[in-house]
Every structure is written in C-alpha cells, then in structure tokens.
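First the structure, in the form of structure tokens, and then the observations on it.
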Amino acid sequence: MISLALLGTAGWPGGHRRRSGIASLVEVAGVRVLVDAGVGVVRQLAHIGLSVGDIDIVVLTHLHDDHTAGLPALLTFRHTMRRGPLTLIGPPGTTALRDGVLAYMSANTAIRGQEGRLLDPAALFEAHDVEPGIIHSDAGFTVTAVENSHYGLTEFASPQKSYALRFDAPDRSVVFTGDTGESRAVEDLARGADILISEMVTDDDIAAVPPPVQAHMRAEHLSPTQVGRLAAAAGVGTVVLSHYTDASPDDLAAINREFSGALIAGEDLMRF
Ligand SMILES: [Zn+2]
C-alpha cells in the first residue's frame, strides 16, 4: 500500500508564512522514501511522529534550493544521532551535492568525533546520479523518472536535468510532476495514475517576480489551466496541488474547467 504525506508544499526560495519547503513522504512496502527535502523538512517529519533516522531513501526531483535546503539538516542530524545508512538518488549533480553537504558537516564531525562515537559520514550517505528510466525498484514498488521541462526553454537554460517521478505499487500509483512546464513526457508518465501531485504557478505568482524571471515562470511552470489539461489528458484520478503559493477560487475553477476528477489544494501534513 502506498501512503503519502505532504510534508511541505511551499515552492520558491525563501519562506512562506504557513507552509514548509517542498518535501513529501511516500511509504510503501515498509520503505520510507522522502521526495525532495526543502527547508523545514526535519521539523515536518517530527510533526508526523518521525525522526531523521526513519527515512530510508531520499529522491530529489531536481537540485533547485527550494527542494534541497533541508538536506544538510537531515544528513548532519542523522549522522550526529548515529543512525544508519541513507541513500540519495537524483539527477546528475546529486553526488556533488552530497559531497557539499559532507563538507558542511566536517566541522561538526571534527568536534563531535572527539567524543569517539561518530562514523565516517561518507560511508553513511550513498549517492546515485541517475538518468531517466526506472531509478529504483524494491520488493513491491518501482520509481520511474522522466525528464520534464523545468529547464532549458528560456534564458534560464541549464544543462542540468529536472525529473518528474512515478511510484507504482500493486494497489496504487502516485506521480509527482516536480517543477515543470507543459511536457508530453510528464503526461505520458502520469497516464492512469491514481494521484497526481502537481505544482502550480498563478498569475499573482508571476506578477510578484522580477520581469526577467517571468518568462521562466510562464514557460517552465504550470498555470492552473495547464494543470487541468495535464490531469485530463493523463486520465488521473485525483490531483493534489503542491508547490504553490495560494489557490484562489478562480484558480481552482480554471483547473476544474479542464479536469472533472477530484481536486485537492494540498496543505502541509495532509495524508493520502
Ligand atoms: Zn521549486
């Protein structure tokens, strides 16, 4: 049984008055997978009764800081608390990110290591840079990644890769758009999924950023109408919004004009 918890639903760098940074927890076949690790993720885990040591795998959709800023806290606290190995999986650059976190941890490790009780952190945190395809398979579930359209369409072009993810188990399938613009690959990935966790950018969000960023926001994120079209074209059961600022009645109506299935405006700590 796949169960899902939204730990943080606030996209964009910086803080949100009510939401924590982007992170979700997928529990399936006895494995706890953290999808993205935005700022505040350690506290959000505590809110649902888990500690940093209770995560088995972290999968990163992409390496923007609103999806990774909580990773240093997760890893260093886990190391200090002497919990076991953790696997990081993500697009190319994930191993380098892990190495950067280890560098950040080095002072703490040197200090606490004098107590003679810390393991070598490099041995605890295995990292895998993965290409699109099946990026993880376990007894009872698989995780598939496709490259979405979050990078490369505007002057913010990047050689990096950004992924959408699909979790399949016998009872349920869950798809994360990650951060993306319109994408045939994401539509194909989401085909027939029970739950689509989708990002959304509204006109208010676009108006709030400097003009040079607005083209990126329009082309490399999803408007409410585009969320609805994606969900309808893919034939998903339920859309859960995450990675958004606010959803006005007009925004939700725009989705519903395209998509007649269930629509939930996600909030931190919701479970599905
Ligand atoms: Zn983001």
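Counting starts at 1 for both ligands and their atoms, in listed order. The first residue in the sequence is number 1, and the count goes up from there. The basis for the numbers below is simple: all heavy atoms, side chains too, and nothing from hydrogens, waters or symmetry mates.
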At the Zn ion (ligand 1), what angle lies between atom NE2 of His67 and atom OD2 of Asp66, rounded to 10 degrees? 100°
Can you sort out the partners of Arg271 under side-chain hydrogen bond (donor to acceptor under 3.5 Å, both in side chains), two or more places apart, ordered by chain and number? none
With no hydrogens and no angle check, is any side-chain donor or acceptor of Asn148 less than 3.5 Å from a backbone partner on Val186? no
Is the CZ atom of Arg218 crowded by more than 12 outside heavy atoms at less than 6.0 Å? no
Near the Zn ion (ligand 1), is there an N/O/S atom from His243 that is less than 2.8 Å away? yes
Of all the N, O or S atoms in Asp179, the one nearest to the Zn ion (ligand 1) is OD2
Are Tyr163 and His150 close enough that their ring centers fall under 6.0 Å? no
